[in-house]
Participant: 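A single structure is presented below for examination.
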Amino acid sequence: QVQLVESGGGSVQAGGSLRLSCASPGYSNRSKFTAWFRQAPGKEREGVAAIYSGDGRAYFADSVKSRFTISQDNAKNTVYLQIIGLTPEDTAMYYCAARVGFVPASEVLRPGTYYYWGQGTQVTVSS
């Protein structure tokens with residue numbers, strides 16, 4: 001059973017930053033996509049960033065690309081999401097998800113693309 005464990009969420013003031021981590025112990029694959037999604041109350045789950053383990057290629061939603069950075073440490077099977085310039089609109093539960101195999105670029109931020117999901121980590125931004 002593949003397990004994804006998110007951490008790093010918390011409550012921060014607007015303008016602050018956070019680094020979220022997604023660990024996948026034992027789930028190592030050179031052709032793995034890992035993505036971050038977020039879901040605010042009453043809203044649909046939104047893909048914000050993804051990374052391909054093979055070459056580190058990153059994908060971002062247009063709405064966040066200036067403030068979000070995704071990176072990976074393949075030796076630790078961990079993917080990170082760095083967020084700067086947090087605003088109250090970033091308040092949401094953040095989930096990581098993963099799968100192996102080819103994914104068209106148009107699908108990497110779509111929730112239905114992914115097989116495995118973590119439990120989420122809450123990010124709350126106050127003004």
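FYI, the numbering just counts along the sequence from 1. Only heavy atoms go into these numbers, but all of them, side chains included; no hydrogens, no water, no symmetry mates.
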Participant: Given 3.5 Å as the limit, does a donor-acceptor pair link the side chain of T91 with the main chain of T124, or not?
Facilitator: no
Participant: Pairs in or reaching into residues 71-89: which pass salt bridge (Lys or Arg N to Asp or Glu O under 4.0 Å), with residues at least two apart or in two chains?
Facilitator: none
Participant: Counting N and O atoms only, with roles assigned by atom type, does the side chain of S53 sit under 3.5 Å from a partner on the main chain of K32, one being a donor and the other an acceptor?
Facilitator: yes
Participant: Counting C-beta onward and ignoring hydrogens, is there a side-chain heavy-atom pair between I70 and F60 closer than 4.5 Å?
Facilitator: yes
Participant: Can any side-chain N or O of T113 pair as donor or acceptor with the backbone N or O of E107 at less than 3.5 Å?
Facilitator: yes
Participant: As an exercise, state the distance from CD of Q82 to CG of L18, rounded to the nearest 0.5 Å.
Facilitator: 8.0 Å
Participant: Could you see if M93 belongs to whatever hydrophobic cluster contains V79? Use Ile, Leu, Val, Met, Phe, Trp, Tyr and a side-chain cutoff under 4.5 Å.
Facilitator: no
Participant: Do you know which two heavy atoms are closest between L81 and A49, and how far apart they sit?
Facilitator: CD1-CB, 3.9 Å
Participant: How would you list all residue pairs meeting disulfide bond (SG atoms under 2.5 Å apart) that involve residues 64-120, not counting sequence neighbours?
Facilitator: C22-C96
Participant: Are L109 and I51 co-members of a hydrophobic cluster defined by side-chain heavy atoms under 4.5 Å apart?
Facilitator: no
Participant: Quiz question: by atom type and distance under 3.5 Å, do the side chains of R19 and Y80 form a donor-acceptor pair?
Facilitator: no
Participant: If I take atom OH from residue Y95 and atom OG1 from residue T121, how far apart are they, to the nearest 0.5 angstrom?
Facilitator: 10.5 Å
Participant: Counting distance only, does the side-chain N/O of Y115 pair as donor-acceptor with the main-chain N or O of V100 below 3.5 Å?
Facilitator: no
Participant: Please confirm whether Y114 and F33 have ring centers closer than 6.0 angstrom.
Facilitator: no
Participant: So, using salt bridge (Lys or Arg N to Asp or Glu O under 4.0 Å) as the criterion, who are the partners of K65 when residues are at least two apart?
Facilitator: D62
Participant: If hydrophobic clusters are built from ILVMFWY residues whose side chains come within less than 4.5 Å, do Y59 and V64 share one?
Facilitator: no
Participant: Quick check on side chain to side chain donor-acceptor pair (under 3.5 Å): which of E6, R38, Q39 does Y94 satisfy it with?
Facilitator: R38
Participant: Taking atom CD of Q119 as the centre, does the number of heavy atoms from other residues, nucleotides or ligands within less than 6.0 Å exceed 12?
Facilitator: no
Participant: Between R57 (side chain) and Y52 (backbone), is there a donor-acceptor pair under 3.5 Å?
Facilitator: no
Participant: Below 6.0 angstrom between ring centroids: does that apply to W36 and F68?
Facilitator: no
Participant: Find the distance between OG1 (T78) and CG (L20) and round it off to the nearest 0.5 Å.
Facilitator: 12.5 Å
